[in-house]
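Before any comments, here is the structure.
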Amino acid sequence: GAQRESKVRVRAHFDYNPEVDPYIPCKEAGLAFQRGDILHIVSQDDSYWWQARRESERTARAGLIPSRALQERRIIHERTQREIVEGESKKNDDFDRELIATYEEVAKLYPRPGIYRPVVLIGAPGVGRNELRRRLIARDPEKYRSPVPYTTRPMRTGEVAGREYIFVSREKMEADIEAGKFIEHGEYKGHLYGTSAESVKSIVNAGCVCLLSPHYQAIKALRTVQLKPFLIHIKPPEFDELKKTRTDSRAKSTFDESNARGFTDEEFTDMIKSSVRIDFLYGHFFDEEILNADLVTAFEKLVNIVQRVETEPLWAPSSWVQ
Ligand code: 5GP
């Protein structure tokens with residue numbers, strides 16, 4: 001019949017395989033998808049089973065997927081079962097993860113002339129996100145800029161106020177953190193460090209691409225309609241390749257200037273573990289991934305991605321699109 005299709009697009013926040021779903025009325029009618037896939041929801045008429053197709057397969061016939069309500073119920077059920085099995089519910093940063101990750105409604109965000117989305121590089125420490133950021137700025141310092149961080153530590157000889165850091169008193173910085181003026185902050189050797197939302201905005205308003213490489217815990221504070229950031233996960237390759245690419249004498253000097261001694265096997269293992277954890281907690285927020293095995297290849301991919309962010313309409317939370 002001439003049924004009208006809904007225009008709703010969502011980004012899936014979980015993997016789905018109808019083959020192993022005991023509840024689906026008909027396995028053959030199901031649509032498999034992976035976290036991060038953009039789905040066109042063709043019909044939401046049934047409260048349990050939506051009809052959808054992958055956005056990348058426009059001509060395919062629609063298949064059944066669990067509705068948001070059904071998936072939410074399942075997540076709550078699975079969580080309860082797990083808590084019963086494990087006894088007391090575990091108290092760790094798992095609750096950093098969105099309480100119930102199902103589907104996020106998305107729409108195409110069109111680039112605005114002269115206003116660029118901030119590009120945020122997230123990754124485990126040591127994987128190379130700062131090096132990638134530095135290279136992009138070095139390639140075109142007029143266009144790519146990072147905010148000058150604030151700190152409460154005293155200025156060192158050779159430093160210039162406003163160049164390395166904006167130096168402030170602890171009282172001032174604590175008050176500003178309290179007032180929500182920082183997108184991220186941390187403490188190191190008894191001093192506060194952080195990046196203010198205002199300095200990100202001023203780079204954007206100056207018509208530059210703001211590059212950030214904060215701790216992954218800053219994702220939630222950054223992901224706002226005001227900033228509309230583009231998030232990239234910088235991932236390490238598997239152990240052998242990670243070790244090889246970071247131990248090779250040539251790579252070592254370019255990969256991490258601040259870590260000339262190189263990394264231990266344990267540090268490589270920690271990087272991989274940390275990356276898996278970031279993916280578990282925040283994987284559904286990333287717009288792109290870059291595998292940083294060979295630095296030159298990873299940088300090429302970054303250049304390619306930022307080019308697209310600056311020029312192409314891309315999927316973003318629909319609440320960011322007016
Ligand atoms: P330094 O005092 O030697 O310039 O920096 C020491 C450390 O401060 C850095 O290695 C880093 O861990 C931390 N740091 C520097 N800038 C920032 C920032 O903008 N935010 C946070 N959270 N930490 C920073």
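Quick caveat: nothing in here was measured; it's all calculated off a predicted structure. We count ligands from 1, going down the list as the structure has it; atoms in each ligand are counted the same way.
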Report yes if some heavy atom in the side chain of Pro66 is under 4.5 Å from a heavy atom in the side chain of Tyr16; otherwise report no. yes
Ser202 and Ser199 side chains, donor-acceptor separation under 3.5 Å: no
Which residues pass the salt bridge (Lys or Arg N to Asp or Glu O under 4.0 Å) test with Arg170, not counting sequence neighbours? Glu174, Glu187
For Gln81, does the CD atom sit with more than 12 other heavy atoms under 6.0 Å from it, leaving out its own atoms? yes
Which pairs count as side chain to side chain donor-acceptor pair (under 3.5 Å) when at least one residue sits in residues 105-115, sequence neighbours excluded? none
Lining ligand 1 at under 4.0 Å, by non-hydrogen atom distance, are residues Pro149, Arg153, Arg156, Tyr165, Glu184, His185, Gly186, Tyr188, Tyr193, Gly194, Thr195
Let me check something: any side-chain donor-acceptor pairs from residues 158-169 under 3.5 Å, sequence neighbours excluded? List them with distances.
unit_1 : atom_1 : unit_2 : atom_2 : d
Glu159 : OE1    : Arg153 : NH1    : 3.0
Glu159 : OE1    : Arg156 : N      : 2.9
Glu159 : OE2    : Arg153 : NH2    : 2.8
Arg163 : NH2    : Gly158 : O      : 3.0
Glu164 : OE1    : Val160 : N      : 2.9
Ser169 : OG     : Lys172 : N      : 3.1

